[in-house]
Amino acid sequence: MTGMTFRDSDRASTRRRALPFVFGVAVVLQVLLAVWGSREPVLLIGGIVFAIVLCLSLANTFAGLIAILLFQIRILQGSSEIGIDELAYAALFAATFGGWLLRHGLSSEFRRLRSSPLTVPLLAFFVVCAVSIIPSLVNGYSPLWWFRDLVRFSTFLLIFPVATVARSRKRAAVLVTCFLAVVLYYGIDAFMTYRSMLEAAKHLWQMQWQRAPSHEVLPMTTLVIALAVFLRTRSSRAMIASLCVVLISLVPLAVSLSRGFWAASGLAILILLLVSRPAARRVVGLAVTTTVGALIAGYMAFGWRFAGVIESLTERFSSIASPLAALSIQERLAESSAQLELIAENPIIGHGLGATLSYMSPIESQLITSTYSHNAYLFLIFKLGIAGLVAFLAFYVRGVLRVRAAARRSGSTFERTLMLGSLSLLIVFLPLSITSPQFYAKTSVLVIALMFGMAEAIVGRSGSESAEPAPRAQGDRAAASAVPEGGPREHRSADGPAEAS
């Protein structure tokens with residue numbers, strides 16, 4: 001009977017691997033048919049490459065997650081319309097998550113994730129998102145814009161594939177490396193943009209408005225986590241590497257001229273110091289080394305203009321003392337006022353994903369219509385009602401508690417440090433979301449999904465590692481008699497650790 005069980009398990013494993021292959025072939029044929037009639041060779045080659053990437057994402061979740069992370073270089077460019085990049089990302093996400101679901105839908109790993117504290121509130125939130133298409137259509141909004149907002153939130157579903165893949169520490173390290181590559185790309189882009197704008201600046205007041213968009217949450221994330229590594233590691237190589245990441249992260253964060261993210265980064269570092277309790281000598285050494293390194297690197301990068309850069313950054317930061325005088329704050333107040341009026345019309349279920357709001361802009365002095373909102377709390381109530389806000393906060397708070405549990409249970413110093421840095425950031429996202437959309441922005445949703453997924457993997461791994469071993473002696477002899485000749489077989493999935501049957 002045991003042999004029959006193994007054969008049945010082999011057949012089931014083969015079927016689980018065959019399904020993604022069949023779907024992958026169908027996707028490849030669909031993409032090729034879509035671009036076959038094109039006379040542009042670039043589009044045809046791009047379609048073929050993208051079809052291959054989709055097939056790989058279906059067949060292997062690890063490859064799909066790498067593709068999703070690296071695809072952020074395209075999808076984070078930002079647009080006010082529904083572009084081909086966003087549709088391609090939706091297809092890539094569906095292929096990766098769908099392939100993972102086909103392979104793991106009946107596995108013990110899936111059953112473990114199904115019982116996770118994150119699952120029920122996240123599914124409840126997506127039920128609210130799905131139902132919101134009704135008020136969205138009733139109010140005359142486009143279903144395409146509903147779909148676009150849904151794609152943003154659907155990134156949270158990556159928690160489960162990440163939790164499966166990150167059970168392997170090596171694969172978790174590869175995902176972190178891919179994320180660092182994206183941050184490095186945008187950091188270099190922000191630095192080059194800022195430097196080119198400074199070349200045209202002749203006065204200090206011009207320097208103060210040379211702002212380079214840099215997706216601030218990305219360098220903020222690497223800055224806080226790299227600081228955590230520097231404060232806790234005992235390896236000199238890890239200290240040097242983390243210090244380099246700190247300096248690289250400071251550049252795009254500084255030239256973004258985002259006072260909110262500056263203040264949030266400072267608060268996150270303060271929370272990190274409270275939860276990690278590093279030695280005072282290490283903190284002083286970090287402060288001195290970072291300051292000296294930033295001054296040397298800044299002078300080498302900007303030359304004689306560096307003094308003006310420091311002065312403009314200092315004046316920009318000092319304006320935090322009078323926030324209401326800033327036009328950006330007035331813009332957010334006007335936006336929030338318009339949202340509150342719309343919320344009063346339908347506070348329970350909201351206006352649906354894809355809904356738009358209009359307000360008179362103090363900066364542009366004209367009426368602006370947008371699906372975007374800086375206040376994430378008002379955004380959720382406006383589009384999904386109080387029910388959507390409660391469901392999301394229940395999911396988010398459970399995720400923060402999961403990260404804290406991972407920081408306590410992990411036996412790895414690096415993983416514990418990673419979770420402590422993540423915990424500091426996730427706490428800061430709560431006040432930051434009043435003026436910055438951390439609950440649904442493309443960058444922050446990806447960061448949150450990675451943090452929650454890593455935490456889920458660490459908690460699951462620590463649970464399996466702490467399980468008591470089976471008794472030896474008589475228990476081993478009894479177990480050996482039940483095992484067929486040749487020992488237990490392993491069924492190794494394409495993107496997870498081996499499962500003994």
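Computed over heavy atoms, backbone and side chain alike; hydrogens, waters and symmetry mates excluded.
Here the straight-line distance linking atom OG of Ser249 with atom CG of Leu180 works out to 8.0 Å at 0.5 Å rounding. Atom CG of Leu418 is separated from atom CE of Met451 by 7.5 Å, given to the nearest 0.5 angstrom. The distance from the CG atom of Leu420 to the CG atom of Leu274 is 12.0 Å, given to the nearest 0.5 Å. Note that the CG atom of Leu380 and the CG atom of Leu353 stand 9.0 Å from one another [nearest 0.5 Å]. Here the straight-line distance linking atom CG of Leu389 with atom CZ of Phe382 works out to 14.5 Å at 0.5 Å rounding. Note that CG of Leu286 and OG1 of Thr291 are 8.5 Å apart. Values are rounded to the nearest 0.5 Å.
Val162 places none of its side-chain heavy atoms less than 4.5 Å from the side chain of Phe452. Using a 4.5 Å heavy-atom threshold, the side chains of Leu122 and Phe160 count as touching. Residues Phe261 and Ser436 meet the side-chain proximity criterion, which asks for heavy atoms closer than 4.5 Å. Looking at Leu446 and Leu69, their side chains come closer than 4.5 Å, going by heavy atoms from C-beta outward. Side-chain contact between Leu113 and His104: absent, with no pair of heavy atoms (C-beta onward) separated by less than 4.5 Å. Looking only at side-chain heavy atoms (C-beta outward), Gln438 and Val428 stay at 4.5 Å or farther from each other. The side-chain heavy atoms of Pro117 and Leu401, taken from C-beta on, include no pair separated by under 4.5 Å. Tyr89 has its side chain within reach of Thr155: a pair of non-hydrogen atoms, C-beta onward, lies under 4.5 Å apart.
For Phe156 and Phe392, the distance between ring centers is under 6.0 angstrom. Taking the ring centroids of Tyr377 and Phe439, they lie under the 6.0 Å cut-off.
Checked by atom type and distance alone, the side chain of Thr222 pairs as donor or acceptor with a backbone atom of Pro219 at under 3.5 Å. At least one donor-acceptor pair closer than 3.5 Å links the side chain of Ser115 to the backbone N or O of Arg112. Under the 3.5 Å distance criterion, the side-chain polar atoms of Ser154 are matched with a main-chain donor or acceptor of Val151. The backbone N or O of Leu426 lies less than 3.5 Å from a partner atom in the side chain of Tyr396, making a donor-acceptor pair. In this structure a side-chain-to-backbone donor-acceptor pair under 3.5 Å is missing from Thr96 to Phe93. In terms of modelled atom types and a separation under 3.5 Å, the side chain of Ser242 and the main chain of Met239 share a donor-acceptor contact. The backbone N or O of Glu216 sits nowhere less than 3.5 Å from a side-chain atom of Tyr186 that would complete a donor-acceptor pair. At distances below 3.5 Å, at least one donor-acceptor pair connects side-chain atoms of Trp146 with backbone N or O atoms of Cys129. In this structure, Thr233 contributes its side chain and Ser235 its backbone to a donor-acceptor pair below 3.5 Å. Judged purely by atom type and a 3.5 angstrom limit, Arg232 has no side-chain atom pairing as donor or acceptor with the backbone of Thr413.
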Original post:
Should Thr221 and Phe179 be marked as a side chain to side chain contact (heavy atoms under 4.5 Å, CB included) after you check the CA-CA gap, both sets of side-chain angles, and the distance that decides it?
Top reply: CA-CA 10 Å; Thr221 300; Phe179 179 78; 4.2 Å; yes

Subject >> Working for side chain to side chain contact (heavy atoms under 4.5 Å, CB included), residues Ser412 and Arg169 >> reply: CA-CA 10 Å; Ser412 167; Arg169 288 189 173 94; 4.2 Å; yes

Subject >> Test log, rule side chain to side chain contact (heavy atoms under 4.5 Å, CB included), inputs Met220 and Leu425 >> reply: CA-CA 9 Å; Met220 174 183 170; Leu425 285 165; 3.7 Å; yes

**OP:** For Gln339 and Phe379, run side chain to side chain contact (heavy atoms under 4.5 Å, CB included): C-alpha distance rounded to whole Å, both residues' side-chain angles, the deciding distance at 0.1 Å, then the answer.
**Re:** CA-CA 8 Å; Gln339 270 189 310; Phe379 176 91; 4.3 Å; yes

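At most 12 heavy atoms of other shown residues, nucleotides or ligands fall within 6.0 angstrom of atom CZ in Arg398. Within 6.0 Å of CZ on Phe126 lie more than 12 heavy atoms contributed by other residues, nucleotides or ligands.
Nearest heavy atom pair, residue Leu247 against residue Thr290, reads CD2-O, 3.9 Å. The minimum heavy-atom distance linking Ala59 with Arg103 is given by the pair O-NH1, 3.2 Å. When every heavy atom of Pro121 is checked against every heavy atom of Ala394, the shortest pair comes out as CB-C, 4.0 Å. Here the closest non-hydrogen pair linking Ser422 and Ile225 is OG-CD1, 4.1 Å. Val217 and Ser444 make their closest contact through CG1-N, 3.8 Å (heavy atoms, listed as atom of the first residue, atom of the second, distance). Of all heavy-atom pairs between Ser57 and Leu92, the closest is OG-CD1, 3.3 Å.
Paired with Glu415 under the rule salt bridge (Lys or Arg N to Asp or Glu O under 4.0 Å), one option of Arg409, Arg167, Arg461 passes, and it is Arg461. Each of Val459, Ile458, Ile159 was checked for a side chain to side chain contact (heavy atoms under 4.5 Å, CB included) with Arg402, and the lone residue meeting it is Val459.
A side-chain N or O of Thr164 and one of Trp100 form a donor-acceptor pair less than 3.5 Å apart.
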